[in-house]
Undergrad: 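Below you'll find the structure I mean.
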Amino acid sequence: MKIARDGIAPVIFLLLCALAFAFVSVIPAAIIFVLALFVIWFFRDPERHTDYQDGGFYSPADGKVVEISECEHDFTGKSVKVGIFMNVFSVHVNRSPCTGVIDYIEYKPGKKIAAFSPKASEINERNYVGLSTQWGRVMMVQIAGLIARRIVCRMRRGDVLEAGQRYGMIKLGSRVDLYMPRDIVLKVKLDDQVKAGITCIGVIGQ
């Protein structure tokens, strides 16, 4: 099973601890080993192929659609926002919804209320990644949740993202909001389960 690079260090640490305790007591060694297996599962990063169609926007995260609304941001202007809640059992690697050039990145510190709340988009710790695409400006917002303690994004302005390409992750329960052009035709509804890079969120030109 492939795991995200952010999970390699804690997995190695836990396995070494389990090995060390094995020489002292079997029970704590077994507990630590089981914890290592959980961490491996949590940081799983399955290979996925985006079945791309022209004008399609794909889910940036695994989880449940908890918000669909019209909103406005300085980078995107008036947009359609789809909020996706990731629980602790979700794959936490985030993927680009479409192909574009990163023209905007902004990190904002904040609170850590439950990520499924609409207020989380405005007051929680979050990281904005904006893309310039052939269909207009698109933005992904990684939002820390009640348990999440770290947002990971290694992309820089000027980088090119392909549809379905990994661009970061959020550790533990969290949320990703996707801002899309207003003329998008949505293919999802509230409470739908979606998968990053697989589920088509909406299409332009239909």
Undergrad: For Ser59, does its backbone N or O pair with a side-chain atom of Thr199 as donor and acceptor, under 3.5 Å?
TA: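 Such a contact is absent between Thr199 side chain and Ser59 backbone.
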Undergrad: Nearest heavy-atom pair of Tyr167 and Val176: which atoms, and what distance?
TA: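 So the two residues come closest at OH-CG1, 4.2 Å.
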Undergrad: Do you know which of Arg95, Met140, Arg166 makes side chain to side chain contact (heavy atoms under 4.5 Å, CB included) with Leu161?
TA: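 With Leu161 as partner, Arg95, Met140, Arg166 yield a single side chain to side chain contact (heavy atoms under 4.5 Å, CB included), made by Met140.
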Undergrad: What heavy-atom pair brings Ile151 and Asn127 nearest, and what distance separates the two atoms?
TA: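 Looking at all heavy atoms of both residues, the closest pair is CG2-CB, 3.9 Å.
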Undergrad: Working to the nearest 0.5 angstrom, can you tell me the gap between Ile84 CD1 and Glu67 CD?
TA: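 Output value for this atom pair is 11.0 Å.
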Undergrad: Is it the case that over 12 heavy atoms from other parts of the model lie below 6.0 angstrom from the OH atom of Tyr104?
TA: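 Check passes, neighbour count above 12.
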Undergrad: Check whether NZ of the Lys or CZ of the Arg Arg175 lies under 6.0 Å from the centre of the six-membered ring of Phe85 and within 45 degrees of that ring's axis.
TA: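 That pair does not qualify as a cation-pi contact.
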Undergrad: Locate the shortest heavy-atom distance separating Val88 from Phe42; write the atom from each residue and the value.
TA: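 In this case the closest contact between Val88 and Phe42 is O-CD1, 3.7 Å.
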Undergrad: Checking the side chain of Arg157 only, and the main-chain atoms of Asp103 only, is there a donor and an acceptor separated by less than 3.5 Å?
TA: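 It does hold such a pair.
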Undergrad: Only pairs under 3.5 Å count here: list side-chain donor-acceptor contacts from residues 4-28, not counting sequence neighbours, and write none if there are none.
TA:
unit_1: Asp6; atom_1: OD1; unit_2: Arg154; atom_2: NH2; d: 2.7
unit_1: Asp6; atom_1: OD2; unit_2: Arg154; atom_2: NH1; d: 3.4

Undergrad: For the atom pair CD1 (Ile105) and SG (Cys153), what is the distance rounded to the nearest 0.5 Å?
TA: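 Output value for this atom pair is 5.0 Å.
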Undergrad: According to a hydrophobic-cluster definition based on side-chain heavy atoms being under 4.5 Å apart (Ile, Leu, Val, Met, Phe, Trp, Tyr only), do Ile201 and Val129 belong together?
TA: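 Yes: a chain of side-chain contacts under 4.5 Å links Ile201 to Val129.
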Undergrad: Backbone N or O of Pro181 within a donor-acceptor pair of the Ser79 side chain at under 3.5 Å?
TA: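 Answer holds: no.
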Undergrad: Between Lys81 and Glu70, does at least one N-O distance fall below 4.0 Å, as a salt bridge requires?
TA: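 Salt bridge: no.
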Undergrad: Taking all heavy atoms of Met155 and all of Ile102, pick out the closest pair and write down the distance.
TA: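 Shortest heavy-atom separation between Met155 and Ile102 comes out as CB-CD1, 3.3 Å.
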Undergrad: Using atom types as modelled and distance alone, determine if a side-chain donor or acceptor of Arg126 lies under 3.5 Å from a backbone N or O of Glu122.
TA: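 Here the side-chain-to-backbone pair exists.
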Undergrad: Taking all heavy atoms of Ile184 and all of Phe57, pick out the closest pair and write down the distance.
TA: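 It is CD1-CD1, 3.4 Å.
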Undergrad: Among Val82, Asp191, Leu178, which residue satisfies the side chain to side chain contact (heavy atoms under 4.5 Å, CB included) criterion with Val65?
TA: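 By the side chain to side chain contact (heavy atoms under 4.5 Å, CB included) criterion, Val65 pairs with just one of Val82, Asp191, Leu178: Val82.
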Undergrad: Step by step, would you call Val152 with Ile170 a side chain to side chain contact (heavy atoms under 4.5 Å, CB included)?
TA: CA-CA 6 Å; Val152 178; Ile170 316 175; over 6 Å; no
Undergrad: Indicate yes or no: at least one non-hydrogen side-chain atom of Val91 is less than 4.5 angstrom from one of Arg44.
TA: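 Yes, at least one pair of side-chain atoms sits under 4.5 Å.
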Undergrad: Output, in order, the C-alpha distance, side-chain angles, deciding distance and verdict of side chain to side chain contact (heavy atoms under 4.5 Å, CB included) for Lys2 and Glu47.
TA: CA-CA 8 Å; Lys2 180 178 179 179; Glu47 292 293 341; 3.1 Å; yes
Undergrad: In terms of hydrophobic clusters joined by side-chain contacts under 4.5 Å, are Val101 and Val138 together?
TA: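 No, it is not one cluster - the side chains of Val101 and Val138 are not joined through contacts under 4.5 Å.
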Undergrad: Is there a path of hydrophobic side-chain contacts, each under 4.5 Å between heavy atoms of I/L/V/M/F/W/Y residues, joining Tyr58 to Ile198?
TA: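 No, no single cluster joins them.
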Undergrad: So, does His49 use its side chain to make a donor-acceptor pair with the main chain of Gly164 at under 3.5 Å?
TA: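 Answer holds: no.
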Undergrad: Does Asn124 use its side chain to pair, donor to acceptor, with the backbone of Ala144 at less than 3.5 Å?
TA: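 Yes; judged by distance alone, with no hydrogens or angles, the pair exists.
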Undergrad: Could you measure the distance from the NZ atom of Lys195 to the OG1 atom of Thr50? Nearest 0.5 Å is fine.
TA: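 It is 13.0 Å, given to the nearest 0.5 Å.
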Undergrad: Return the CG to CD distance between Leu131 and Gln134, rounded to the nearest 0.5 Å.
TA: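 If I round to the nearest 0.5 Å, the distance is 12.5 Å.
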Undergrad: Check for me, please, whether Met86 and Leu190 land in the same ILVMFWY cluster - side-chain distances under 4.5 Å, paths through other members count.
TA: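 Looking at the clustering, Leu190 is in the same group as Met86.
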Undergrad: Between Asp192 and Lys187, does at least one N-O distance fall below 4.0 Å, as a salt bridge requires?
TA: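 Salt bridge flag = no for Lys187 with Asp192.
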Undergrad: Are Phe33 and Ile31 connected into the same hydrophobic cluster when the rule is that any two of I, L, V, M, F, W, Y join if their side-chain heavy atoms are below 4.5 Å apart?
TA: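 Hydrophobic grouping puts Ile31 apart from Phe33.
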Undergrad: Which atoms form the tightest heavy-atom contact between Cys98 and Gly56, and what is the distance?
TA: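 Between these two residues, the closest heavy atoms are CB-O, 4.1 Å.
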Undergrad: Inspect the surroundings of OH in Tyr107 and state if more than 12 heavy atoms from other residues, nucleotides or ligands are less than 6.0 Å away.
TA: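 It does: Tyr107 OH has more than 12 such atoms within range.
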Undergrad: For the residue pair Gln142 / Asn94, report whether a side-chain donor-acceptor contact shorter than 3.5 Å exists.
TA: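 Yes, because at least one side-chain N or O of Asn94 sits under 3.5 Å from a partner of the opposite role on Gln142.
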Undergrad: Whether the Ser96 and Gln165 side chains hold a donor-acceptor pair (N or O, under 3.5 Å, no angle test) is what I'd like checked.
TA: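 Distance-only check fails for Ser96 and Gln165.
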Undergrad: Between Leu186, Thr133, Thr76, which is the residue that forms a side chain to side chain contact (heavy atoms under 4.5 Å, CB included) with Met180?
TA: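 With Met180 as partner, Leu186, Thr133, Thr76 yield a single side chain to side chain contact (heavy atoms under 4.5 Å, CB included), made by Leu186.
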Undergrad: Looking at residues at least two apart in the chain, or sitting in another chain, which of them share a ring-ring contact (aromatic ring centres under 6.0 Å, His included) with Tyr128?
TA: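 ring-ring contact (aromatic ring centres under 6.0 Å, His included) check on Tyr128 returns His73.
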Undergrad: Phe43 vs Met169, test: side chain to side chain contact (heavy atoms under 4.5 Å, CB included). Steps then yes/no.
TA: CA-CA 9 Å; Phe43 282 99; Met169 72 176 300; 3.7 Å; yes
